[in-house]
Structures are given as structure tokens and as C-alpha cells.
Amino acid sequence: ERFEPAEDLREWIIDTFIAEDGRLTNEDHRHLLDAEIGVLWTNVDNSRNMRSVIGQAELMPPMAMGKWQKARATQQIEEWFGAVPDFLLTFYAPAASMMDDASFCALVEHELYHCGQKRDVHGMPKFGQDGRPQFAIRGHDVEEFVGVVARYGAAAAGVEDMVEAANARPTLMRATISGTCGTCLRAVA
């Protein structure tokens, strides 16, 4: 059972989704231009709430730990990346190696969407005194059961925007995704 820094994957994520000239740039991730992101591969199986966890985004430094646990975790992160990044993304390599390009891109962007910028009381992005964005972990846009939507409808379940997005054509075509990813990620995973 291992965790390994994934510098090539980190560079690909930044170049593909975050950089202004990336092939699959997403304006929703613009605030991450100023973020330090660490990326790990793991082969450690992780299940939660009867579901397999295949990707995870964490705000750094680690918080919910005792003093020694936090110091030990921080030391490990610094040894891997040279400093503590703002966010740490971890991907389950066995699952990633079986994904097609669109599924892997969706997984990566799912984790990037968790990497949010704090907002003030007026909904405006927050910045620190040093001018850098203040970061936070962002929750999911929609958290609902299919059974609730099936029984009561999208409006009652509060998922109308998600249903509308699901019924529209994707904004990225498979050819665009494949031209960016190819099968190179399968070799890395």
C-alpha cells in the first residue's frame, strides 16, 4: 500500500484545466492559478458510505488531527513536495487505470471543483493581506438520492439546475478530450 507524488499528473492538470491556454481550460478554476497543488497516486482501497472513493481533495495543512499527528503529516507532505501546498489531490490508481479519457477528466475536475476560494458575506472572493486567495474546500452542488428525485421530482429535490445540465449537450466533445488525454494517463496510472 503506497502513496506516491505525481508531479507529471500535477503538471498535466495545471496545463490542461487551470492554465489560461489549456486545451480544456475551465474558468471555474481560474482562482487556482495562484494555488499550490500537490498530487498523489495511491493504491490504497478506500470506501466510505458504501461507495468507493477514487479521488479526494484536501485543504492543507491537515487540520483535524492531534498535534503530533498534524506535525507528522505536515513533515511527510513537505518531504514529498518541498513545501505544504494549498490543496492535496489524491487519486486511486487502480480505478484511474481502467477509466476512459472523459471519465478521468471528469474525476480530475470533480476534485478541482472542491478546491474553492473563500467568499465574504457579499459572495465576493476573499483574499489575504498578502493578496493571495484564501482557500477552502467546496461542497458538492447537488447532494440528493435518485429515489427522491424519481418520487418527488427535480424541483422538490432542489436539483433542477443539475437536471437541466444533464439534459443539455456536453460543452466538451469526446474528440477534444481524447486529443488532450489520449491513453497516456493509463500508462501513468
Side-chain angles (χ1 to χ4, degrees), residues 1-19 22-26 28-29 31-32 35-65 69-70 72-117 135-146 162 165-166 170-172 174 176-189:
E1 296 186 339
R2 305 255 333 140
F3 290 87
E4 294 287 336
E7 183 61 27
D8 290 349
L9 179 58
R10 185 190 77 79
E11 289 177 17
W12 177 82
I13 289 170
I14 292 168
D15 292 346
T16 302
F17 300 105
I18 299 171
R23 299 244 347 244
L24 303 178
T25 293
N26 185 335
D28 291 345
H29 306 314
H31 62 282
L32 296 176
E36 292 297 325
I37 300 173
V39 180
L40 296 172
W41 284 117
T42 187
N43 65 349
V44 178
D45 184 45
N46 184 10
S47 295
R48 189 177 352 175
N49 300 325
M50 297 174 33
R51 298 189 72 161
S52 292
V53 176
I54 59 174
Q56 178 174 292
E58 299 172 81
L59 186 63
M60 292 284 114
M63 298 299 208
M65 300 177 167
Q69 292 168 314
K70 182 177 178 179
R72 185 177 61 233
T74 300
Q75 176 185 335
Q76 180 66 64
I77 298 296
E78 287 175 345
E79 288 174 3
W80 278 334
F81 302 111
V84 176
D86 298 305
F87 294 102
L88 179 63
L89 306 180
T90 305
F91 296 100
Y92 184 53
S97 69
M98 304 301 288
M99 292 179 164
D100 62 25
D101 294 337
S103 297
F104 187 73
C105 286
L107 171 63
V108 169
E109 284 218 72
H110 177 103
E111 299 312 326
L112 289 174
Y113 269 111
H114 281 301
C115 301
Q117 186 172 354
F135 297 114
I137 290 293
R138 184 173 175 247
H140 296 106
D141 291 332
V142 175
E143 294 188 32
E144 189 52 87
F145 290 100
V146 171
M162 185 64 75
T171 58
L172 294 174
R174 284 201 180 272
T176 302
I177 297 167
S178 294
T180 298
C181 303
T183 57
C184 60
L185 289 176
R186 290 196 177 116
V188 174

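Just so we're clear, the structure is a prediction, and the values are computed from it rather than from any experiment. Keep in mind that the numbers below use all heavy atoms, side chains included, and drop hydrogens, waters and symmetry copies.
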Participant: Output yes when a side-chain donor or acceptor of Ser97 lies under 3.5 Å from a complementary backbone atom of Pro94, and no otherwise.
Facilitator: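 Side chain of Ser97 to backbone of Pro94, a donor-acceptor pair under 3.5 Å: yes, one is there.
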Participant: Taking atom CG of Leu89 and atom CD of Gln56, what is their separation to the nearest 0.5 Å?
Facilitator: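 Taking CG in Leu89 and CD in Gln56, the distance rounds to 9.5 Å.
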Participant: Would you confirm whether Asp86, through its side chain, and Glu36, through its main-chain N or O, come within 3.5 Å as a donor-acceptor pair?
Facilitator: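 The answer is yes, because a donor-acceptor pair under 3.5 Å joins these two groups.
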Participant: Name the orientation class of the two ring planes belonging to Phe87 and Phe135 (parallel below 30°, tilted from 30 to 60°, perpendicular beyond 60°).
Facilitator: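 Correct class here is perpendicular.
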Participant: Would you say Arg48 and Asn46 make side-chain contact, with heavy atoms under 4.5 Å?
Facilitator: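 Yes, close enough: below the 4.5 Å cut-off.
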Participant: Compare every heavy atom of Gly38 with every heavy atom of Pro85, then report the nearest pair and how far apart it is.
Facilitator: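 Between these two residues, the closest heavy atoms are CB-N, 3.6 Å.
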Participant: Looking at His31 and Gly116, what are the two nearest heavy atoms and their distance?
Facilitator: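 Between these two residues, the closest heavy atoms are NE2-CA, 3.7 Å.
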Participant: Side-chain contact, heavy-atom cut-off 4.5 Å: Leu24 with Cys105?
Facilitator: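 Yes - at least one pair of side-chain heavy atoms lies under 4.5 Å apart.
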Participant: For residues 107-114, dump all side-chain donor-acceptor pairs below 3.5 Å to protein atoms at least two apart in sequence or in another chain.
Facilitator:
residue : atom : partner : partner atom : Å
Glu109  : OE1  : Asn26   : ND2          : 2.8
Glu109  : OE1  : His29   : NE2          : 2.7
His110  : NE2  : His114  : NE2          : 3.1
His110  : NE2  : His140  : NE2          : 3.2
Glu111  : OE1  : Ala57   : N            : 3.1
Tyr113  : OH   : Asn26   : ND2          : 3.0
Tyr113  : OH   : Asp28   : OD2          : 2.6
His114  : ND1  : Arg138  : O            : 2.6
His114  : NE2  : His140  : NE2          : 3.3

Participant: Mark yes or no for whether Thr16, through its side chain, and Trp12, through its backbone, hold a donor-acceptor pair below 3.5 Å.
Facilitator: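 Checked: pair present.
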Participant: So, do Asn43 and Glu1 sit near enough that their side-chain heavy atoms are less than 4.5 Å apart?
Facilitator: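 They are in side-chain contact.
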Participant: Which pair of heavy atoms, one from Met99 and one from Ile54, lies closest together, and at what distance?
Facilitator: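 Looking at all heavy atoms of both residues, the shortest contact is CE-CD1, 3.2 Å.
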Participant: In the structure I gave you, are the side-chain heavy atoms of Phe17 and Thr25 within less than 4.5 Å of one another anywhere?
Facilitator: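 Of all side-chain heavy-atom pairs linking Thr25 with Phe17, none is under 4.5 Å.
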Participant: Contact between Leu40 and Pro5 at the side-chain level, heavy atoms closer than 4.5 Å - yes or no?
Facilitator: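 Touching, per the 4.5 Å side-chain cut-off.
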Participant: Which distance, rounded to the nearest 0.5 Å, do you find between the CG of Leu32 and the CD1 of Ile18?
Facilitator: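 Interatomic distance, Leu32 CG to Ile18 CD1, rounded to 0.5 Å: 4.5 Å.
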Participant: So Met63 and Leu59, side chain to side chain contact (heavy atoms under 4.5 Å, CB included) or not? Walk me through it.
Facilitator: CA-CA 8 Å; Met63 298 299 208; Leu59 186 63; 5.5 Å; no
Participant: For Arg51, check salt bridge (charged side-chain N to carboxylate O under 4.0 Å, His left out) against everything at least two apart and list the hits.
Facilitator: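 Partners of Arg51 under the salt bridge (charged side-chain N to carboxylate O under 4.0 Å, His left out) test: none.
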Participant: Please lay out, stage by stage, how Phe104 and Asp101 fare under the test side chain to side chain contact (heavy atoms under 4.5 Å, CB included).
Facilitator: CA-CA 5 Å; Phe104 187 73; Asp101 294 337; over 6 Å; no
Participant: Glu78 and Gln76: side-chain donor and acceptor closer than 3.5 Å?
Facilitator: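 Side-chain D/A pair, Glu78 to Gln76: absent.
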Participant: Can you tell me how far the CD1 atom of Ile14 sits from the CZ atom of Arg10, to the nearest 0.5 Å?
Facilitator: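 It is 4.0 Å, given to the nearest 0.5 Å.
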Participant: Val44 versus Tyr92: any side-chain heavy-atom pair under 4.5 Å?
Facilitator: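 Side-chain contact under 4.5 Å: no.
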Participant: Less than 4.5 Å apart, any side-chain heavy atom of Asp15 and any of Arg23?
Facilitator: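 Result no, sub-4.5 Å side-chain heavy-atom pair not found.
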Participant: With a 4.5 Å heavy-atom cut-off, do Val39 and Phe81 have their side chains touching?
Facilitator: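 Not in contact.
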Participant: Can you give me the closest heavy-atom contact between Met60 and Val84, atom names plus distance?
Facilitator: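 Heavy atoms of Met60 and Val84 come nearest at CB-CG1, 3.6 Å.
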